[in-house]
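Have a look at the structure below, then the notes.
Start at 1 and go down the list; that is how both ligands and their atoms are numbered. Excluded from the calculations below are hydrogen atoms, water molecules and symmetry mates; all remaining heavy atoms, backbone and side chain alike, are included.
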Amino acid sequence: VSHQAAKPAVVAIVVAAGSGVRLGREVPKAAIEIAGVPMVTRAVQAMLAGGASRVVVAAPEAWTEKFAHLMGPYADRVQVIAGGLLRQDSVRLALDYTTGADIILVHDAARPLVPPFVVDRVIEAVRDGSPAVIPVLPQVDSLRRIRRNWTVAVDRSTFLRVQTPQGFEAEVLRRAHATSGDKEYTDDATMCEAIDVPVTTVPGDGLGFKITEPMDLVLAEVIARGES
Ligand code: CTP
Ligand code: MG
């Protein structure tokens with residue numbers, strides 16, 4: 001009789017507690033609708049469709065109830081909590097609600113159109129033994145390093161653009177956050193790297209782009225309308 005290994009439990013953290021200063025709207029960025037569906041709802045849907053069994057959403061403190069209402073049909077698999085001042089604070093606070101997870105994904109609500117196959121790729125890579133996994137895309141523009149009052153070309157092929165969801169062995173992500181101290185990190189993979197965990201990559205997808213400035217919202221709207 002062969003022993004079938006239990007499927008690892010995958011929990012996704014969707015960080016949605018930012019205000020969206022660069023977008024410049026009244027409401028928090030993650031609550032903004034794209035073709036009628038809020039960004040945070042789309043992000044949660046992508047995580048569940050890609051293989052997460054449940055999701056913890058870090059929302060702006062004054063908006064937790066409102067965000068819980070935005071979950072609609074996914075509400076029974078989503079827990080909405082109050083996020084923190086920095087992105088990494090939001091992740092750390094959400095980690096307390098990931099008990100029982102073997103694999104933890106961390107995804108930006110600001111990447112609402114990420115295809116579920118990217119989520120699945122990240123999960124598979126962690127399942128296959130990589131402790132920290134990031135979806136990446138090649139750098140398409142030329143890059144230059146800033147000197148004092150001039151610039152110097154660099155080889156763009158040595159750079160990658162990093163997306164989310166990033167996937168981690170749960171124990172690794174918990175340890176990274178427990179030892180990060182006051183240092184600021186732009187993402188969780190960098191935090192894992194700081195405790196000497198190797199960060200590996202899987203191919204990302206253009207649809208995983210981050211909505212940061214008003215033009216990004218226009219693009220997302222056009223794409224999402226084309227789908228329906
Ligand atoms: N985020 C978070 N908690 C914070 C800051 C950011 O959960 N304290 C989340 C955002 O909601 C977003 C993701 O981290 O989904 C990526 O951040 P970013 O794109 O910078 O979003 P905002 O911080 O909201 O935007 P801005 O920097 O323009 O204010
Ligand atoms: Mg920000």
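Residues D108 and R87 are paired through a salt bridge, judged by an N-O separation under 4.0 Å between the basic side chain and the carboxylate. Using a 4.0 Å cut-off between charged nitrogen and carboxylate oxygen, E124 and R121 do not count as a salt-bridge pair.
For the pair T41 (side chain) and V37 (backbone), a donor-acceptor distance under 3.5 Å is absent. A donor-acceptor pair under 3.5 Å links the side-chain atoms of E221 to the main chain of A35, judged by distance alone. Formation of a donor-acceptor pair under 3.5 Å by the Q163 side chain with backbone atoms of D205 is found in this model. Remark: side-chain polar atoms of Q139 are paired, donor with acceptor, to backbone N or O of D141 under 3.5 angstrom.
At a distance under 4.0 Å, a protein heavy atom can be found next to atom 11 (O) of ligand 1.
K29 NZ, 3.2 Å is the protein heavy atom nearest to atom 21 (O) of ligand 1. Among protein heavy atoms, the minimum distance from atom 7 (O) of ligand 1 is reached at A17 N, 2.9 Å. Protein heavy atom closest to atom 17 (O) of ligand 1, with residue, atom name and distance, is K210 NZ, 4.6 Å. For atom 13 (C) of ligand 1, the closest heavy atom belonging to the protein is D108 OD1, 3.4 Å. Among protein heavy atoms, the minimum distance from atom 23 (O) of ligand 1 is reached at G18 CA, 3.9 Å. Nearest non-hydrogen protein atom to atom 24 (O) of ligand 1 is G20 N, 2.9 Å.
Close N/O approach between S19 and ligand 1 is found [any backbone or side-chain N/O within under 3.5 Å]. Remark: ligand 1 and A58 share no N or O pair separated by less than 3.5 Å (distance only, no angle test). Taking any N or O of L23, backbone or side chain, none lies under 3.5 Å from an N or O belonging to ligand 1.
The line from CD1 of I13 to CD1 of I104 is 5.5 Å long, rounded to the nearest 0.5 Å.
No hydrogens or angles considered: nothing links the side chains of R54 and T98 as a donor-acceptor pair under 3.5 Å. Of the N and O atoms on the side chains of D187 and T190, at least one donor lies less than 3.5 Å from an acceptor on the other residue.
Of the heavy atoms in R111, none comes closer than 4.0 Å to ligand 1. Heavy atoms of D89 found under 4.0 angstrom from ligand 1: none, in either backbone or side chain. The backbone of L85, and not its side chain, has at least one atom closer than 4.0 Å to an atom of ligand 1 (non-hydrogen atoms only; backbone = N, CA, C, O).
When the options I13, V21, V15 are ranked by their closest heavy atom to atom 29 (O) of ligand 1, first place goes to V21.
Side chains of V162 and T186 form no contact here, defined as non-hydrogen atoms less than 4.5 Å apart.
Close approach of ligand 1 to S90 (heavy-atom distance below 4.0 Å) involves ligand atoms 2 (C), 3 (N), 4 (C), 7 (O), 8 (N). Remark: ligand 1 atoms within the under-4.0 Å shell around heavy atoms of A16 are 7 (O), 11 (O). Numbered from 1 in the order shown, with element, the atoms of ligand 1 that lie under 4.0 Å from a heavy atom of G84 read 4 (C), 8 (N). Contact atoms of ligand 1 toward R22: 18 (P), 20 (O), 26 (P), 27 (O), 28 (O) (distance under 4.0 Å to a heavy atom of the residue).
Of all heavy-atom pairs between V57 and A16, the closest is CG1-CB, 4.2 Å.
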